[in-house]
Engineer: 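Below: one structure in structure tokens.
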Amino acid sequence: GHRITVTTVNLTRFSERVFAVDLADWAAYRDWYRGLLQLGDYHPGDDLHVPGWKVLADRTVRLADDPDRAVATPLDLGPQLTDGRTQLVVLIEPIDAAPQGQQWQNRPTATWVQATTLAVDAIADQTSMRAWVTDLRTGAPVGGAAVVRLDGSGDRIDQGVPTDGNGLATIDLGPVATALVATKGSQTALLPGDMWGGSWQATPRTDRMLWYVTDDRQTYRPGETVSVKGWARRQSGDTAATLTTPAAGTVSWSATDGDG
């Protein structure tokens, strides 16, 4: 079935709310979730300013009584994942107040839930991204899936790039993308970038200077002479990362002991 697990310690119950969302709600969810993480002096029952998503379930879940141990409680989302619905937001809120000074351990949490057979991974350098789409059931690569980037507002940046027979899609980076969406037939999977705004975008390639410094034996008695030698090389910013000798010039340096 479609289940998620909530882990608690020293709680006897919590409130579970399930909301219907779709991919167009991703940007609103990300902004709301960041606010949820930054709650300060939270008390059960405080208004969490949930966006106007449709409520599919609202119930109190009673927990096993197992003091000072982690209690894993599975939540069945099957009844909410019907009529072709594949995206949900689940909000868990404590009902009972925490002891004074321990409110930070008793804050609400939420997650975006997807029901899909697709898995999406991505890796990027300064100019391009490789997205890999596979089947969660078998691990096999999925060819012919469309991979689309979303911007900070949740809008599509492009029309999408199809995966090849190995499940790979190469995407040229440009404007900031905060998430990827892969689609094949009726299956869709969302891969978020950094929830705090950092994500995938093209960055200029620049050369950098690398240094390597060593001495003759690392351990010295007071008054002994220390011999130090070093090398400097320029590393190109392209994919070859070629090392070359810098143009002639002056290098300034200083040495300090273990106490600075």
Side-chain angles (χ1 to χ4, degrees), residues 2 4 17-38 48-56 77 80-81 83-91 109-137 139 141-205:
H2 300 290
I4 63 171
R17 280 192 281 171
V18 182
F19 304 91
V21 292
D22 57 35
L23 294 177
D25 296 308
W26 168 249
Y29 169 79
R30 186 192 60 201
D31 293 342
W32 170 74
Y33 180 76
R34 288 187 297 201
L36 194 68
L37 293 180
Q38 298 180 80
L48 299 181
H49 305 289
V50 180
W53 302 318
K54 180 181 178 181
V55 179
L56 300 177
L77 299 179
Q80 288 77 52
L81 290 168
D83 300 324
R85 185 178 294 113
T86 62
Q87 313 289 321
L88 302 172
V89 168
V90 179
L91 172 61
T109 187
T111 190
W112 181 286
V113 175
Q114 305 179 72
T116 181
T117 62
L118 299 180
V120 188
D121 294 279
I123 186 170
D125 58 18
Q126 294 170 308
T127 61
S128 63
M129 170 193 292
R130 283 287 185 93
W132 189 32
V133 182
T134 55
D135 190 313
L136 283 170
R137 298 165 296 184
V142 176
V147 181
V148 177
R149 293 175 297 154
L150 303 183
D151 64 16
S153 299
D155 296 327
R156 294 175 175 233
I157 295 175
D158 47 43
Q159 296 303 309
V161 176
T163 57
D164 60 18
N166 294 316
L168 295 171
T170 301
I171 304 168
D172 292 331
L173 294 179
V176 175
T178 62
L180 293 180
V181 175
T183 303
K184 177 69 180 288
S186 63
Q187 297 298 313
T188 298
L190 172 74
L191 175 65
D194 187 340
M195 294 293 287
W196 296 97
S199 49
W200 303 290
Q201 68 182 111
T203 55
R205 288 176 167 175

Engineer: Do Arg85 and Asp83 sit within salt-bridge range, that is, some charged N less than 4.0 Å from a carboxylate O?
Structural biologist: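 Salt bridge: no.
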Engineer: Run the side chain to side chain donor-acceptor pair (under 3.5 Å) test against Asp151 and tell me which residues pass, sequence neighbours left out.
Structural biologist: none
Engineer: Hey, what do you get for OG1 (Thr86) to CG (Asp22), rounding to the nearest 0.5 Å?
Structural biologist: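 Interatomic distance, Thr86 OG1 to Asp22 CG, rounded to 0.5 Å: 8.5 Å.
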Engineer: For the residue pair Val120 and Val147, establish whether any side-chain heavy-atom pair is separated by less than 4.5 Å.
Structural biologist: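 Result no, sub-4.5 Å side-chain heavy-atom pair not found.
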Engineer: Please report the shortest heavy-atom distance between Val142 and Asp135, naming the atom on each side.
Structural biologist: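 Answer, listing the atom of Val142 first, then Asp135: CG2-N, 3.6 Å.
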Engineer: Is there a side-chain contact between Thr109 and Leu36 in this structure, where contact means two heavy atoms from C-beta onward sitting under 4.5 Å apart?
Structural biologist: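 Side chain of Thr109 against side chain of Leu36, heavy atoms only: no contact under 4.5 Å found.
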Engineer: Output the distance between atom CZ (Arg149) and atom CE (Met129), rounded to the nearest 0.5 Å.
Structural biologist: 7.0 Å
Engineer: Looking at Trp132, I'd like to know if its CH2 atom is crowded, meaning that more than 12 non-hydrogen atoms belonging to other residues, nucleotides or ligands lie closer than 6.0 Å.
Structural biologist: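 Open.
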Engineer: Please verify the inter-ring angle class for Tyr29 with Trp53; under 30° counts as parallel, over 60° as perpendicular, anything in between as tilted.
Structural biologist: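 The arrangement is tilted - the two ring planes meet at 30° to 60°.
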Engineer: Does any N or O in the side chain of Thr163 come within less than 3.5 Å of the main-chain N or O of Ala145, such that one atom is a donor and the other an acceptor?
Structural biologist: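 Checking the backbone N and O of Ala145 against the side chain of Thr163, a donor-acceptor pair under 3.5 Å is found.
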Engineer: Quick one: list whatever passes salt bridge (charged side-chain N to carboxylate O under 4.0 Å, His left out) with Asp125, sequence neighbours left out.
Structural biologist: none
Engineer: Please tabulate, one pair per line, all N/O donor-acceptor pairs under 3.5 Å involving side-chain atoms of residues 166-177, not counting sequence neighbours.
Structural biologist:
residue: Thr170; atom: OG1; partner: Arg130; partner atom: NE; Å: 2.8

Engineer: Where do Leu180 and Val148 land on the side-chain contact (heavy atoms from CB on, under 4.5 Å) test, with the steps shown first?
Structural biologist: CA-CA 6 Å; Leu180 293 180; Val148 177; over 6 Å; no
Engineer: From Leu88 CG over to Leu81 CG, what is the distance, rounded to the nearest 0.5 angstrom?
Structural biologist: 4.5 Å
Engineer: Is the side chain of Trp32 donor-acceptor paired with the backbone N or O of Leu48 at a distance under 3.5 Å, no angle test?
Structural biologist: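 Present.
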Engineer: Using side-chain contact (heavy atoms from CB on, under 4.5 Å), reason through Trp112 and Gln87 one step at a time and then give a plain yes or no.
Structural biologist: CA-CA 7 Å; Trp112 181 286; Gln87 313 289 321; 2.8 Å; yes
Engineer: Can you find a pair of side-chain heavy atoms, one from Pro192 and one from Trp26, that are under 4.5 Å apart?
Structural biologist: yes
Engineer: Answer yes or no: does atom CZ of Arg156 have more than 12 heavy-atom neighbours from other residues, nucleotides or ligands under 6.0 Å?
Structural biologist: no
Engineer: Going through the checks in order, is the side-chain contact (heavy atoms from CB on, under 4.5 Å) test met by Val18 and Val89?
Structural biologist: CA-CA 6 Å; Val18 182; Val89 168; over 6 Å; no
